[in-house]
Structures are given as structure tokens and as C-alpha cells.
Number of protein chains: 2
Amino acid sequence: MATDQRRVLELAVLGSLHETPLHGYELRKRLNALLGMFRAFSYGSLYPCLKTLLERGLIVEEHPQAVTGRSKIVYKLTAEGKERLQELLTQAGPAAWEDESFGVHFAFFRHTEAEVRLRILEGRRSRLEERLENVRAALARTRERLDSYTLELQRHGLESVEREVRWLNELIATERRASNEASDE
Amino acid sequence: MATDQRRVLELAVLGSLHETPLHGYELRKRLNALLGMFRAFSYGSLYPCLKTLLERGLIVEEHPQAVTGRSKIVYKLTAEGKERLQELLTQAGPAAWEDESFGVHFAFFRHTEAEVRLRILEGRRSRLEERLENVRAALARTRERLDSYTLELQRHGLESVEREVRWLNELIATERRASNEASDE
DNA sequence: GCGTCGATGTATCGGGCCGATACATCTTGA
DNA sequence: TCAAGATGTATCGGCCCGATACATCGACGC
């Protein structure tokens, strides 16, 4: 579905507003700072998203008229919004393994249950391994036809993804350790 | 401009057809195999692109009626198409430094002049360094507010990009060495 | 005081990408 | 002989995002 992308955006916005009410401009700054090199959201996505969240009653507008007459529109999470956020954090499906979504889910891990965290990390890893498999197979099929530049590109691409898999392995091990320690009290 | 993306697609298609005539389905397979983990093109982009290239006379259709009546449409580069390809390979501007374009340009480096190769590699590097700068600055500003998961995400993101910069440094050094060896004959 | 520059702030539009889909043929193997 | 999956051509609609417009604010120099 194309609604997968909508859900990520929704999660990102609701998750950000969970901490503290924000207006559009700062929401974008915070979100992009939070995600760093992984993702960036544009106004063209954020403002329409805020509008639909408003219509659905998940957030409310506030016009704090400061002493200076400057008009800022601050958005605040409603009770329904918090519920929806919990739902999004819990029901992380296969869509959360993808490049565009994974970073957002990860960025809100502190609000996510340990079980779901593990599911997302393992799903992401299997998604990457699947992709590695495909690319390696395609490479084996066409290696003789490729020049040294293309091979170098392929090599670097594969290495980058392998590196992310190793990173995920470490994270998964850490999660498992923490979960075991918690269980033998 | 939004035409930047068009140019990359054009380059990818013309570059692929330069080797050998292809039909849509195999063009896509070859291209995606060529780019590996870096990019993938969809039919929704490729077929419209082929149509405009056809209209502009840069490629021509061929209907090789095989013994079996199976209809395949093979596209072949024209003289104008080859000219245009050379133009695209040579006039690589700042757009070529971006994520979506760099891999495609790199994949056709064997058809690119040494001088242009160096320009693209250095441009890509400075683009990444610029981005690192921004993210590091934002991180320094907000570090205290971030939880350990987000910090780990940031750390991994930065390391990935730093790794790509080191890769570019090696490639640039190799290019320079080759270019120097060529000059003292 | 005054000009100006960059950051802050809200908002929209259109070009273009791509997932999903439809449909047809060929090959493979059970 | 039948089904499944690869090969093959093609389009459509939803949605993303760069570009843009417009306005205010703080700081700085002069």
C-alpha cells in the first residue's frame, strides 16, 4: 500500500509531539535533527499531515498569543493522539523494515516495548539479508561483463549493507542480554 | 530543477543502450543489476523515458521478428543518442553529487574522461562533508536531549557517511596517481 | 534610526516517481 | 497436461518534495 508512507509520517509527527507541543517549523527542525543522516521530511509532507491529524482529532491547535502579537500555531497531542501513537508503536509490521521507515521507528525506540524492538531489528536484518542475497546472485551472474569501476561500486555497496547487518547483530545481542537480565530477577 | 532527475534517468538508459540494444524488460534488469544496492528504476519511469527518447530521435525501435511470432521491441542508440550520451557524461554538474545521481555517474565511469571523473568524486566528497558538518552541528546543539537509542542511530549514520568519504578519498588518490603516471610518459 | 541579512514561520503547487496492476506468452517441471 | 513463474509491454493514481511566495523578527553595522 501507499499508506505505508503515511503511517511513518504520522508516527514521526505524533512521536515528536508526544514530548512537547510544537509548531510546524520547529517540528521539522527537531525531526530532521532527530533522524540525522537517515531521513528528512519536507514542509510539503508535514503541513498536509498536520492538517489531516487535526481533522482526525489526534492533535489540537493552540494559539498562544504572546505579548508580541506574533502568531504561532502550536500543535498538541490529544488523548486520542496518544492512543494512536501507542498503536503505531506496537503494530509495527513489515513496512517498518524498509529504508524509509526503519530509522523513524528506531528513533522512537525508547517508547517502544522490548518485544516490538526486537521484532523490528530482526525484521530489518532479514530484509537486508534478503537484498544482499539478490544482489550477490545478480552479481555472480554478470560479473564477467562488468568493468572495474562497476565492480568497485558493487563491492562498496555490499560492504555498506553488510556493515549495517553487523550493527543490527550487535543491537539484537544487546537487546537479548537486557531482556534476559530482566527475566531472572 | 526537477529536470535533474530526468537527466540521470536519461544517462542511465542511454548508457545502457550504448553497449548493446535492449528491450524494456531487460534494460531494467541490467540497470538494476549494474547499480546493485545503490538504486533501482521502475517501469513507471523507464517506459515513459524510452518514449521521450524515441520522440527526440536519440533511440530507434527495432522489431526483430523472430521465427516464433513473439514481439519484442528492441531499442537502439542513434548517432544523436551517442552525442547526447557524451554530452551527459561530460557536463556533469553539481546534480551528480547527490545520492540518486552519483551511483549512476559512477557506474558509467569507464566512458567518462579522467578529468570529469575526478570532478565528480571530489564534488561528491564535498557534498558529504557538508552534510556531516550540518548533522554534527545539529547533534552538538541537541545532544543532551537525546536518548541512547537516538544517539546510537546518529552515531551509526555519521560513521556510514564517514566511511563513504574515506572510500572517496581512496578513489581520488588512485585517480590522481593514474593521471600522474600518464603525464610523465 | 535605518537598511539588510539570515533565521523564523506558514502554506501551496505542479512535476515526476513508483507501487500496483493488467494482460499475454514462454519455459520448466511435476 | 497443467500450474507456476519468468519474460514482456504498458498505464494509472497517489503521494512526495523542491521551489516558491510572503511575512515577521533579531542582530548587526553605520
Side-chain angles (χ1 to χ4, degrees), chain A residues 1-10 12-13 21-33 35 39-54 59 61-75 94-95 98-101 104 134 137-138 141, chain B residues 1-13 21-33 35 39-54 59 61-75 94-95 97-101 104 134 137-138 141:
Chain A
M1 308 299 172
T3 75
D4 287 349
Q5 322 299 328
R6 305 295 282 172
R7 285 171 71 97
V8 184
L9 189 51
E10 205 180 315
V13 172
L22 291 171
H23 40 110
Y25 184 80
E26 199 171 3
L27 172 62
R28 180 174 186 266
K29 268 206 327 185
R30 291 262 191 125
L31 212 40
N32 291 347
L35 297 173
R39 265 214 78 154
F41 291 103
S42 68
Y43 291 126
S45 306
L46 287 176
Y47 279 112
C49 178
L50 285 170
K51 206 188 321 188
T52 71
L53 291 176
L54 208 52
I59 58 178
E61 273 184 356
E62 277 181 359
H63 296 262
Q65 50 261 30
V67 183
T68 119
R70 185 65 177 288
S71 84
K72 289 186 192 175
I73 307 174
V74 175
Y75 297 96
E98 303 306 328
D99 290 341
E100 329 80 48
S101 312
V104 176
N134 291 336
R141 245 182 284 120
Chain B
M1 307 299 173
T3 74
D4 287 348
Q5 322 300 328
R6 306 294 284 172
R7 285 171 72 96
V8 184
L9 190 52
E10 206 180 314
L11 171 59
V13 171
L22 292 171
H23 40 113
Y25 185 79
E26 199 171 2
L27 172 62
R28 179 173 186 266
K29 268 206 329 187
R30 291 264 189 122
L31 212 40
N32 290 347
L35 297 173
R39 267 215 76 157
F41 291 102
S42 68
Y43 290 128
S45 307
L46 286 176
Y47 279 112
C49 178
L50 286 169
K51 205 191 315 190
T52 71
L53 291 177
L54 208 53
I59 58 178
E61 273 183 356
E62 277 182 0
H63 297 261
Q65 51 258 33
V67 182
T68 118
R70 184 65 176 290
S71 83
K72 289 186 193 177
I73 306 174
V74 175
Y75 296 95
W97 328 150
E98 303 306 327
D99 290 342
E100 330 80 47
S101 313
V104 177
N134 291 336
R141 245 181 283 120

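This one's a predicted model, so the numbers in the text were calculated from it and none came from an experiment.
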Nearest-nucleotide check on DNA chain D, A:Ser42 vs B:Glu26; residue mapping nearer the 5' end is B:Glu26
Side chain to side chain donor-acceptor pair (under 3.5 Å): which pairs involve residues 39-52 of chain B, sequence neighbours left out? B:Ser42-B:Ser45
Test of understanding: with salt bridge (Lys or Arg N to Asp or Glu O under 4.0 Å), list the residues that count as partners of B:Glu98, not counting sequence neighbours. B:Arg127
Interatomic distance, A:Leu31 CG vs D:dC17 P [rounded to whole Å]: 12 Å
Report the distance from atom CD of B:Glu100 to atom P of D:dC17, rounded to the nearest whole Å. 11 Å
Output all residues satisfying salt bridge (Lys or Arg N to Asp or Glu O under 4.0 Å) with B:Arg7, sequence neighbours left out; order by chain, then residue number. none
So, OP1 or OP2 of C:dT8: does either fall under 4.0 Å of a side-chain N or O from A:Tyr25? yes
Output all residues satisfying salt bridge (Lys or Arg N to Asp or Glu O under 4.0 Å) with B:Arg28, sequence neighbours left out; order by chain, then residue number. none
Is A:Lys29 near enough to C:dG9 that one of its side-chain N or O atoms lies under 4.0 angstrom from OP1 or OP2? no
Write down the distance between OH (B:Tyr47) and P (D:dT11), rounded to a whole number of angstrom. 10 Å
Please classify the nucleic acid contact of A:Arg39 as base, sugar-phosphate, or nothing, using heavy-atom distances under 4.0 Å. sugar-phosphate
Taking the side chain as every heavy atom from C-beta outward, state whether B:Leu46 and B:Leu31 have any atom pair closer than 4.5 Å. yes
Helical bend (five base pairs per end, nearest 10°) for the helix from C:dG1-D:dC30 to C:dA30-D:dT1: 40°
Please list, chain by chain and in numerical order, all residues satisfying salt bridge (Lys or Arg N to Asp or Glu O under 4.0 Å) with B:Glu61, sequence neighbours excluded. none
Starting at atom CZ of B:Arg28, determine the distance to atom P of C:dC17, rounded to an integer number of angstrom. 15 Å
